Protein chains: 2
Amino acid sequence: MKVKVASEKDVRLVELVIALFDEFREHANTCMAAFDLSAAHAAALLRLDTPLSQRELADCLKYDASNITGIVDTLEQRGLVERQVDPADRRVRRLVVTDEGSRVLVHLRKCFEEASLVSRLGDDERAQLRALLTKAVGDRTNTSWAEMLRGRR
Amino acid sequence: MKVKVASEKDVRLVELVIALFDEFREHANTCMAAFDLSAAHAAALLRLDTPLSQRELADCLKYDASNITGIVDTLEQRGLVERQVDPADRRVRRLVVTDEGSRVLVHLRKCFEEASLVSRLGDDERAQLRALLTKAVGDRTNTSWAEMLRGRR
DNA sequence: TATTGTTATACTCTATAACTATA
DNA sequence: TATAGTTATAGAGTATAACAATA
């Protein structure tokens, strides 16, 4: 069995992924600033497409539950999210995006998706790239913009 | 001229890059923990392959200069880096990696480069991926591990 | 007793401002 | 006066611990 050693070229490959991600991050920062949302607020909002309890949101975003209170406070004060007491268990606050929140979410997603990777490759190249990356990523799943917005995990 | 709209598939492409980066980040965190280095310390060390003044290091890492003092203090206390007064301008501290620092740097780089992207693709596939990513990245340059370790820019 | 959410608090990371020593 | 580095400090962001309400 061969020992796995990273060649010069492998290193370059990693650097390319980092460079692309870096571009996305910069773009995402611009988008979030445009909507006056911090990374944590944007990540929370993006996750609330399907309603969640605060506990579920915390698990989802890998935040300690204590942080969710303040994040949701802000989103609620801005009229983007509503806390609804779960009738089945009155300890639980179910978080639902308001109409205004939905509108912001649509615009925010649109802004995010203008990441320029899209523009520098042709259709065929994008299809090839998609295939290669899918294989490279393996079984890693459920990763999206919200994951990008957290520095540590 | 066509309006640029991100398709479902383009979104997926972005998500794949995020997923890969996320894997690198997790791997990098493991490496840094193994060497008991914070992201800032690791990033600084990685940049000091070529000696720099503290000011240059700050610019390089996009830190305010005031932060460099503490970071270098730690690296110096651990015997990884030395502050040398520049004889030509006694205000300047030139930072040079010690022998011990070089050894750590070699091991740290080796650890970083074991990122598993390397293992899931064949040689041909990696070459294709490299070509596509190079085109997608465009003229973005000088991006590497140190850039990954900073959340914001 | 265990769990959801809240509060108070502490720690890390980074930036700003004021200072010193040189230039 | 301007620049390199230092110090003190303040603000984010996140985690830990103790607590109240509910199960």
Side-chain angles (χ1 to χ4, degrees), chain A residues 25-26 28-29 32-33 36-48 51-77 81-96 146-153, chain B residues 25-26 28-29 32-33 36-48 51-77 81-96 146-153:
Chain A
R25 176 161 52 198
E26 208 165 288
N29 286 341
M32 294 187 298
D36 194 26
L37 290 167
S38 74
H41 293 98
L45 203 51
L46 288 166
R47 277 295 181 203
L48 288 176
L52 298 173
S53 73
Q54 294 194 186
R55 166 68 49 182
E56 288 166 336
L57 181 60
D59 292 344
C60 217
L61 297 176
K62 302 194 171 122
Y63 277 100
D64 184 272
S66 63
N67 296 302
I68 301 298
T69 302
I71 293 167
V72 173
D73 281 352
T74 306
L75 293 176
E76 199 173 37
Q77 278 156 30
V81 161
E82 237 183 41
R83 280 180 168 100
Q84 294 178 357
V85 177
D86 186 330
D89 181 344
R90 303 208 333 276
R91 290 171 305 180
V92 173
R93 313 288 139 147
R94 200 134 290 274
L95 304 173
V96 296
E147 274 61 46
M148 181 170 60
L149 306 179
R150 297 221 55 195
R152 296 236 158 201
R153 315 252 358 235
Chain B
R25 174 161 53 198
E26 208 165 287
N29 286 341
M32 295 186 298
D36 194 25
L37 290 168
S38 74
H41 293 97
L45 202 52
L46 288 167
R47 278 294 181 203
L48 287 176
L52 299 172
S53 72
Q54 295 194 186
R55 165 68 49 181
E56 288 166 336
L57 181 60
D59 292 345
C60 216
L61 297 177
K62 302 193 170 124
Y63 277 100
D64 184 90
S66 63
N67 296 302
I68 302 299
T69 302
I71 293 168
V72 173
D73 281 352
T74 306
L75 292 175
E76 198 174 37
Q77 278 157 30
V81 161
E82 237 184 39
R83 279 180 169 99
Q84 293 179 357
V85 176
D86 186 331
D89 181 344
R90 300 204 339 273
R91 292 171 303 179
V92 173
R93 313 288 139 147
R94 200 134 288 276
L95 303 174
V96 297
E147 274 61 47
M148 180 169 63
L149 306 178
R150 297 222 55 197
R152 295 239 162 198
R153 311 236 22 218

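Remember, it's a predicted structure, so these values are computed and weren't measured experimentally. Proteins get letters first, then strands, A, B, ... in listed order; numbering begins at 1 in each.
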Original post:
Which sits closer to the 5' end of DNA chain D, A/Y63 or B/I68, going by the nucleotide each is nearest to?
Top reply: B/I68
Original post:
Can you check the A/N29 CG to D/dG13 P distance for me, whole Å?
Top reply: 11 Å
Original post:
Once you round it to whole Å, what is the distance between C1' of D/dA4 and CD of B/Q84?
Top reply: 17 Å
Polar-atom pairs under 3.5 Å, protein N or O versus N or O of nucleotides 9-11 of chain D: list them with distances, or write none.
none

Original post:
What's the CG-P distance between A/L57 and C/dT3, to the nearest Å?
Top reply: 20 Å
**OP:** Please identify each residue that fulfils side chain to side chain donor-acceptor pair (under 3.5 Å) with B/D86, with sequence neighbours left out.
**Re:** none
**OP:** When you get a sec, tell me which of D/dA4, D/dT14, D/dG13 is the closest nucleotide to the side chain of B/V92?
**Re:** D/dA4
Subject >> Nucleotide of D/dG5, C/dC13, D/dT14 approaching B/S38 most closely (side-chain heavy atoms) >> reply: C/dC13
Original post:
Residues two or more places apart in sequence or in another chain: which of them pass side chain to side chain donor-acceptor pair (under 3.5 Å) with A/D36?
Top reply: none
Subject >> Atom-pair distance (CG on A/D73; P on D/dT14), nearest Å >> reply: 16 Å
Subject >> Non-neighbouring partners of B/T69 that pass side chain to side chain donor-acceptor pair (under 3.5 Å), sequence neighbours left out >> reply: none
Original post:
If only side-chain N and O atoms of A/R83 are considered, is one of them under 4.0 Å from the OP1 or OP2 phosphate oxygen of C/dT6?
Top reply: yes
**OP:** Rounded off to whole Å, could you give me the CG-to-C1' distance for the B/L37 and C/dT12 pair?
**Re:** 16 Å
**OP:** Would you mind building the protein contact string for nucleotides 16-23 of chain C? One character per nucleotide, 5' to 3', B for base within reach (heavy atoms under 4.0 Å), S for sugar-phosphate only, - for untouched.
**Re:** BB---BBS
Original post:
For B/R55 and D/dT6, what is the distance between atoms CZ and C1' respectively, to the nearest whole Å?
Top reply: 12 Å
Subject >> Contact summary for A/P51 and A/R94, nearest pair of heavy atoms >> reply: O-NH1, 4.0 Å
**OP:** Kindly write out the residues that satisfy side-chain contact (heavy atoms from CB on, under 4.5 Å) with A/R55, not counting sequence neighbours, or none if the list is empty.
**Re:** A/S53, A/D59, A/A65
Subject >> Value in whole Å for how far the P atom of C/dC13 lies from CG of B/L61 >> reply: 14 Å
Subject >> Residue list, side-chain contact (heavy atoms from CB on, under 4.5 Å) with A/T74, at least two apart or on another chain >> reply: A/H41, A/R78
Subject >> For B/A43, all residues meeting side-chain contact (heavy atoms from CB on, under 4.5 Å), sequence neighbours excluded >> reply: B/L61, B/A146, B/L149
**OP:** Test side-chain contact (heavy atoms from CB on, under 4.5 Å) on A/V85 and A/R93 and set out the steps.
**Re:** CA-CA 5 Å; A/V85 177; A/R93 313 288 139 147; 3.9 Å; yes
Original post:
Which whole-number value in Å describes the distance from A/L52 CG to C/dG5 C1'?
Top reply: 15 Å
**OP:** May I have all residue pairs that pass salt bridge (Lys or Arg N to Asp or Glu O under 4.0 Å) and include part of residues 66-75 of chain A, sequence neighbours excluded?
**Re:** A/D73-A/R83
